[in-house]
Every structure is written in structure tokens, then in C-alpha cells.
**Student:** 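The structure that follows is given in the form of C-alpha cells.
In what follows, every chain begins at residue 1, and chains take the letters A, B, ... in the order their sequences are listed. Note: hydrogens, waters and symmetry copies are ignored here, and every other heavy atom, side chains too, is used. Bear in mind that the values here come from a model prediction, so they are computed numbers and not experimental data.
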Amino acid sequence: MRYYSEDHEWIVVEGNVATIGISEYAANELGDITYVELPAEGDDVTIGDTLGVVESVKAASDIYSPLSGTVSAVNENLEDEPNLVNDSPEDKGWICRISGFDSSELDDMMSEDAYQKFLKEIS
Amino acid sequence: MVADQVFNTPLQACHESLGAKMVPFAGWNMPVQYQEGIIAEHTHCRNHAALFDICHMGEFKVNGVGALDALDRIFARPVFNQPIGVCRYNFLLNDDGKVMDDLIVYRLDEEEFFIVVNAGTRYSDAERIKSQLPACITFEDVSDQTAKLDLQGPESAEVLAAAGIDVAELPRYFRWGRIELNGTPILISRTGYTGELGFELYFDAAKAVDMWNYLLSFEQVKPVGLGARDTLRLEVGYALYGHELDAQHTPLDAGYGPMLKIDDNPDRNFTGKAALVASSPEWKLAAIALEGRRAARAGADIIVNERVIGVVTSGAFAPSVGNSVAMGYIKSDSKTGIGDTVELSAGRATLTGTVTELPFYKDGSVRKKL
């Protein structure tokens, strides 16, 4: 099951680990991504904290943490290939993994269907 | 936000049908990119031929006996010795010697001129120029009836050749000529804003859609938006009005002093000269090559030894360089110069760069012999 936030992050949970990235919609809106600032493994983050920054040719956008927990992995491939976020935003372009979160935090997230509806409302 | 009126160029529908992302720019609704994206468009212009809709920019015609002398007093660079057939990059200054606009003056005939100005300064430029022209000289703002398309890239001359133009007849660098393309008379200059071989085409705005579609029919040509136009110009260090040039800085601050030939023409007078001669430059424009891909944006501090010595005016990832680059103003009394390391603020991060010579991208075809 894939969850989405109103800030256009996606979350996939496996066991007690959540993989986080930015949605295809967000990647398309940003355009060509030229740099991704990743969090550090071991960082403790709270919902709404800045997890990192995605830069496109024209702009820089913060990635907000959709969960509270500890960063357990980062996608180091993005350091050399930030365009993975454009080419495969919801798979190979993942940003980081967070563990130790409270699964009740997922209750506020949208399902894929709800997110698609949300996108229609804001466009 | 005030709901200002936003203008569309004659090519609005063409952009939409190509899937362009439209953004407001200088009061105009303009394509920032098409479907392939800024980096692909940038690279296409460096390698093939790019077509830009530049209909938003302003064009003026000035003519009448005395126009040469009058314009020589209005613009900062000499006009009096500009040959017919030549285009000359020039500056409109205020009384304090600060830059109201950068523009290109085309000398069409003895006393006949065509002036190409930025979109955002069109009306203030027109007022400023008219206010300084003698009544016997005609000034006409022809922007609305003039289409401007830029064809830029190393293959741009091949495209014109394929369109039946004799390449030997094309104007040389910073010169203009007249051709007929797809049945339409065109004023063409070998000028541009990309660092590549290229041409700027001026013609009847009613023919804009036909000409756009005609030029896109050549296999070398793709439409390119303002996003790539900005990275292309930044990589070769061309100034953008509102960033490197503005009413807070003089052309001397921006490094254009030698172009003005003030010492060579001691008797020549022009608006803003007294202020320029009396002042010493407070700023110097610097080019900074960053170490990584992350960009420092306009407004970022330039820092040396924990002291802010300047501010970034433009910054972006430079696709043909592979790293980010920036331009910015550094206090002229700072000792920082070519080869020195500086730090740039980028949000929470501090980035490292080296002050360098322009252009950042050195392999452009702009001066290619045809």
C-alpha cells in the first residue's frame, strides 16, 4: 500500500521501515532535477521537519518528513544521478527510509485514489 | 499580488499544442519549457538548432535627419561611428549613470535605426528615449506588429540553407541583413543570447504562426523555452536585465567600461556620462564556478573569511559545464579576484566556488565562420 502526503511525498511501508520519495506529480512540476540534498543516516526527524532539498534548474524545494522516526537509509544513487527522481520518481528515485515511526501517523495520509482526487482539486 | 494584465504572444496556441509549461515573465505569458524539459532543450541548442519565441521583446524605429547624433547622446556606447549594417550592444542610462536597460541598436541607414529592448523595460525605455529626441525625429514603437524568433545553435545556418537561403548572403557576427524566408521579408541579424551560432529574425507579427511552424518543420530544429534560454546565456556569462544589470548598477560595475570608449572620445557626451566619470565603481561583477551540482540562487550572499562581500545575481546548474555556476556583484574594494575561493549561501547550506573568467562554457559556436 502506498500512502501520499499533501506535500506530495509518497510512503511505502514494509515491516517497520517506510520508504519515502516525491510523487510523480511533484517530480513533473519541478522539471529536470539537478541536485538532491539527502538527510544523513541516523538523523532523528519529526513530522514536518525538512528531510532534504530537491533542486531543479529553476528552483529548490524542501522535502518535508511525513513521519517521525530515524533515517535508516538514504538513496546514495541520487548524488550522481539526481535525474532518477524524474525518470523513476516512485521507485528508483526514492529519497530515504525511516524506521521507528508510530504507524498511527499513517492515518493522516492519503491513499493513491484519495491523492489522485486531491491532485484534481488543486489543479 | 496585484492582478496585472498578462500579454500573450501570437504563438500562444502553438506553445499550448506543444505541451509547454507557461509562466509569467516580464508581464508576458511565456513558455518556460516544452515536454522534453530544460536540460534536453539546452543540450539541443548546444548541438543542433533551437527556436525561441521572443515576440515579447520590444522594438523601436527611430529615423529622421539628426537621429544619429541624437542617439549618440542617448546611449552609453558610441553610435556616431557605428557603420550601417552593424548591430551594437548598448545601454540606456539614467542621470546617475545607472542602467535603465541593455539593448541592441541596428543602424539601418544613415539616419534610420532599429532598437531592440527588453520586454519589462519597453514602456519606460520608450518614454526615456522619446523625451530626449528632438521633435523632428520620428520615434515609433513597433513591438506589437513585429514578431521576433531566435534561431540558435551550430546547425542554424544549415537550417537556413535548407530553407533556400544562400549562406554566403547571411550577415556576419553582429551584423544584420534582409532575406525572404517562406515568402516573408525578414530583418535578420547574426546575434543571440545562447553563445552559439545563431540568428534573430524580425518580421510581420501576422506571419508569426506560419514562420514558427515552417522553421519547426526542419529536422534539426526544436522549440526551446525561457528556462533553457536562461541556462544557455548564464553559461556564457551574458547579462540579464534585472539580475546583472539594473538601476542600482552602472555599466562600469558590470565590467562594460572598456566598451564605452570614454577616454577615446573625450568630447563625446551622453546621458549619465557626468555621473560615470565622477564616480569610481562600487561593485565588480564576478563569475563563480561552484564545486558541485547544487546551485546558489539570486540573492545568496558571497562570503570570504566569514564576511559578506557580495551578492549572487544569477545562479543555476549549468548543463554543459556539469556543475553549478553563478554571477554576482562583489564590493570593488574587496581583494577577491580570479582564482580565489568564495563561499555562497544556499538555504541552510554553504557552497564553495572559485572566482573565474567568463565564459563558463568555452566551446560555443557563436563566432563560427560560415
**Student:** Using heavy-atom distances under 4.5 Å, tell me whether A:Asn83 contacts chain B through its side chain, its backbone, both, or neither.
**Tutor:** neither
**Student:** Crowded around A:Glu41 CD? As in, over 12 foreign heavy atoms under 6.0 Å?
**Tutor:** yes
**Student:** Which residues, numbered in order, of residues 46-57 of chain B come under 4.5 angstrom of chain A by heavy-atom distance?
**Tutor:** none
**Student:** Quick one: what part of A:Val36 sits under 4.5 Å from any heavy atom of chain B, side chain, backbone, both or neither?
**Tutor:** neither
**Student:** Answer yes or no: are there more than 12 heavy-atom neighbours, outside A:Glu90 itself, under 6.0 Å from its atom CD?
**Tutor:** yes
**Student:** The criterion is side chain to side chain donor-acceptor pair (under 3.5 Å); which residues satisfy it with B:Asp102, sequence neighbours excluded?
**Tutor:** B:Tyr89, B:Asn118
**Student:** For residues 296-312 of chain B, which residue pairs pass the side chain to side chain donor-acceptor pair (under 3.5 Å) check, not counting sequence neighbours?
**Tutor:** A:Glu55-B:Arg297
**Student:** Need one label for A:Ser56: side chain, backbone, both or neither, based on atoms under 4.5 Å from any heavy atom in chain B.
**Tutor:** backbone
**Student:** So which atom in B:Ile39 and which in A:Asp32 form the shortest heavy-atom distance, rounded to 0.1 Å?
**Tutor:** N-OD2, 2.6 Å
**Student:** For A:Glu37, is it the side chain, the backbone, both, or neither that has a heavy atom closer than 4.5 Å to a heavy atom of chain B?
**Tutor:** side chain
**Student:** If I compare all heavy atoms of A:Val57 with all of B:Ala316, which pair ends up nearest, and what's the gap?
**Tutor:** O-CB, 4.0 Å
**Student:** Check whether any side-chain heavy atom of B:Val23 lies under 4.5 Å from a side-chain heavy atom of A:Lys58, and answer yes or no.
**Tutor:** no
**Student:** Chain A contacts: which residues in residues 287-295 of chain B have a non-hydrogen atom closer than 4.5 Å to it?
**Tutor:** B:Arg293, B:Arg294, B:Ala295
